Structures are given as structure tokens and as C-alpha cells.
Amino acid sequence: MRAALCPAHGPPEVVEVRELPSPARADGQLRVRVHVAAVNFPDVLLVAGRYQVAVPPPFVPGSEFAGVVVETDGVASGFTVGDRVTGTAMFGAFAEQVCLPPEALARVPDGIDDRAAAASGVAFRTAYHALRSVARVTPGDDVVVLGAGGGVGLAAVALATALGARVTAVAGSADKLSAAARYGAVHGIDHRGGDLREALRAALPDGAAAVLDPVGGALAEPALRSLHRGGRFVTIGYASGDIPRIPLNLILVKGITVAGFGFRDVPADEFTRNESELRRLLATGAVTPHIGAEYPLAEAAAALRHVADGRAIGKVLVQINPAAY
């Protein structure tokens, strides 16, 4: 099979496409023919050897995909050959085949094509669970989204809007802010254009109810300062490459809640509710993923570079088998 391979840790350009043996399917796993994969920032970090969990090379990068089940072991798994599925794994998706346990897969609902399924997996699930179960966003809330042009950020803009919130989008280019406006943001702030703290104060004189931060770095503190008393700050990731250090007195003075997002920390009943609500929003077209760029498998390194450089608007896809969709 054709696959992108990371032979050694380094920049995206170390990744090369090769012919590799098809992956061995362990007991209980299903084999999926991958049609399209999506690039996430942790993919870049894994290739660089800078992620919080190390994967020794050589390995096939890629953590999110859509495709079709082509082999099972006959054990009751809830899936049969021919089922359209989307899936997530730490690595392995930038290949024509992947083998995973059934709990790593989900059926693609009718009405969602493979491209949208791949583009809405990690980013939309992260954003929705963070909004519903951590930020506890309700209709009428003012929500600040940092990195609002990226995969998680733009998903958060669309989903917070669908939940009835008013979104202030913070991003680093006019194109990203324009995309955020198309997905519902009522305010857009280019953080390169001046003092972010003052810009947020002008946009939200009464403060925000919640901040979603997948960026970290220098944007975190002024965004946290924009919260009104009792507001909620949700840290999701550090795409800036810089982990912020927040003065704790800000938390004390305003009674702010700071929480990290992780799927495993969402209560089971809320997790089920959130997944059901999100599937309905996607299947009905109430929200749609923004696909900003697509690359053929042969250019997987370029797709990773696109994300590494912060140029992605919405999701970047890698076409594994475009003839299938």
C-alpha cells in the first residue's frame, strides 16, 4: 500500500511517500480502506518528536480519516464490511489502509460525505465537548475563541453560534477573520493589529462568559482578562508552541474557572449527549466543516507544512483515494 512515512523525527519535509506492507490486523480490529485523511497540529508535533507522547520512527503519521470497512474478524463489533466510517488514532491515517479496534471508529451518518466526515472528527468533537461540558456555554453567552481560523477554532465559532452564543473571534489574518465571520462570529479581532486586551475590552465592555484557547502563548492572558466575574477559561492546546504562565491573582480576583479539556474528563452521560447532538448538527447541515486546503497523498509533507506554518483556515485534507468519493 502507499503511505506517508516519517523515517526520523524532524520538520514536515522528512515525511516521504513509500510503498509499505499493509498493516497487520490484530484480533478484534477492523481493516479500513482510507479515502481521505485530515491534518491536525499534533501530527506536526509527532513528526517533530515534540508531542507530549513520543512515537518512535519509523511511523505513518495522520490521526483522523474517513473510509470504508473492508475486513473484520467475525466478532460482534457493531460494524460490517462496507460500512462507511470515520476514525481517530494517534498515527497511521496517511495510508491506504489502517487497522483499528471498533471503539476508535464511528459510522458516518447519511448526509455527510467522506471529506466532511474526515474534516469534522477531531476538531468538531473537541470544540463541541469543550463548549458544552467544560465552558458550559448557553444561549446569549459571549464567547471568545482564540485561533479562530484554525481547525478547532473555526469549529468552535460555528458550534458556539449554533448553541446561541455571541462569538468574538481572535485570529492572525484578515482571511481567517473573514472565515470566522462567515461561520457566525459577530466580532473579529486581528491580534497582530495592536493591544489585544484593549481590543477585547472595546468589543466586550461587560466581559465574556467563556474563552476557548487552542493557541496558548501571549494571547492567553489578555483573553483571560476579558472574562467577566465567574467566567470560564478552557485551555485546549498550544498551537503557538508556547505554554502560557497565568498570574493566579487574576483567577482569584474574578472568581474565574480555568479548566483543561480532555475527552476522558467528560462525564459519560454528557459525552453521549454531546456526540448525539453533534451528529444531528452535522447531518442536518446546521453546521459544516470548512475545508481550506487539500493535498494528494504524494504531497503529505506539504500538507503538514501548511498546518505547521499556521496557514490553515479550517481543515487541511490529504486525499488518499479520491476516486472513492
Side-chain angles (χ1 to χ4, degrees), residues 28-30 32 38 40 42 63-69 72 75-80 82-90 93 98-114 116-141 143 145 151-165 167 183-184 209-214 232-237 257-289 315:
Q29 289 187 331
L30 297 91
V32 177
N40 294 292
S63 54
E64 182 176 23
F65 64 90
V68 63
V69 175
T72 71
V75 176
S77 65
F79 295 96
T80 59
D83 283 346
R84 296 176 59 232
V85 294
T86 185
T88 57
M90 184 168 291
V98 64
C99 293
L100 289 172
E103 57 267 26
L105 302 172
R107 275 193 184 78
V108 177
D110 292 339
I112 301 178
D113 64 25
D114 287 345
S120 60
V122 172
F124 271 71
R125 292 178 68 233
T126 295
Y128 198 72
H129 285 287
L131 288 164
R132 283 287 271 138
S133 290
V134 186
R136 305 273 178 198
V137 168
T138 59
D141 282 350
V143 177
V145 177
V152 172
L154 198 52
V157 170
L159 290 167
T161 300
L163 289 170
V167 176
Y183 283 83
V211 171
L212 262 67
D213 179 13
R232 299 168 299 282
F233 185 98
V234 184
T235 177
I236 297 173
T257 298
V258 177
F261 170 76
F263 285 110
R264 63 186 176 186
D265 298 323
V266 179
D269 58 336
E270 294 187 19
F271 190 93
T272 300
R273 176 203 66 192
N274 296 349
E275 292 283 310
S276 177
E277 291 176 353
L278 178 57
R279 282 194 298 271
R280 185 161 54 251
L281 287 169
L282 289 164
T284 60
V287 295
T288 55
K315 295 295 291 190

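Please read all numbers here as calculations on a predicted model, not as lab measurements. Positions are given from 1, in the same order as the sequence printed here.
A donor atom on one side chain and an acceptor atom on the other are not found under 3.5 Å apart for E270 and H129. Donor-acceptor pairing under 3.5 Å is lacking for the side chains of D213 and T235. Between T88 and E64, the side chains place no donor N or O within less than 3.5 Å of an acceptor N or O (distance only, hydrogens not considered). Inspection of the T272 and D269 side chains reveals no N or O donor paired with an N or O acceptor under 3.5 Å.
Heavy atoms only, all atoms of each residue included: T126 and F263 are closest at OG1-CZ, 3.5 Å. Scanning all heavy atoms of the two residues, the minimum distance from L100 to A89 falls at CD2-CB, 3.7 Å. Scanning both residues, F65 and A118, for their nearest heavy atoms gives C-CB, 4.2 Å. Considering all non-hydrogen atoms of both residues, A127 and L159 come closest at CB-CD1, 3.9 Å.
Not counting sequence neighbours, the partners of R107 by the salt bridge (charged side-chain N to carboxylate O under 4.0 Å, His left out) test are D83. Scored by the ring pair (Phe, Tyr, Trp, His ring centres under 6.0 Å) test, Y183 finds H290 as partners (sequence neighbours excluded).
Side-chain contact between F124 and V287 is present, with heavy atoms from C-beta onward closer than 4.5 Å.
Only one option out of L281, L282, V108, T86 pairs with S120 in a side-chain contact (heavy atoms from CB on, under 4.5 Å); it is L282.
In terms of modelled atom types and a separation under 3.5 Å, the side chain of R84 and the main chain of I112 share a donor-acceptor contact.
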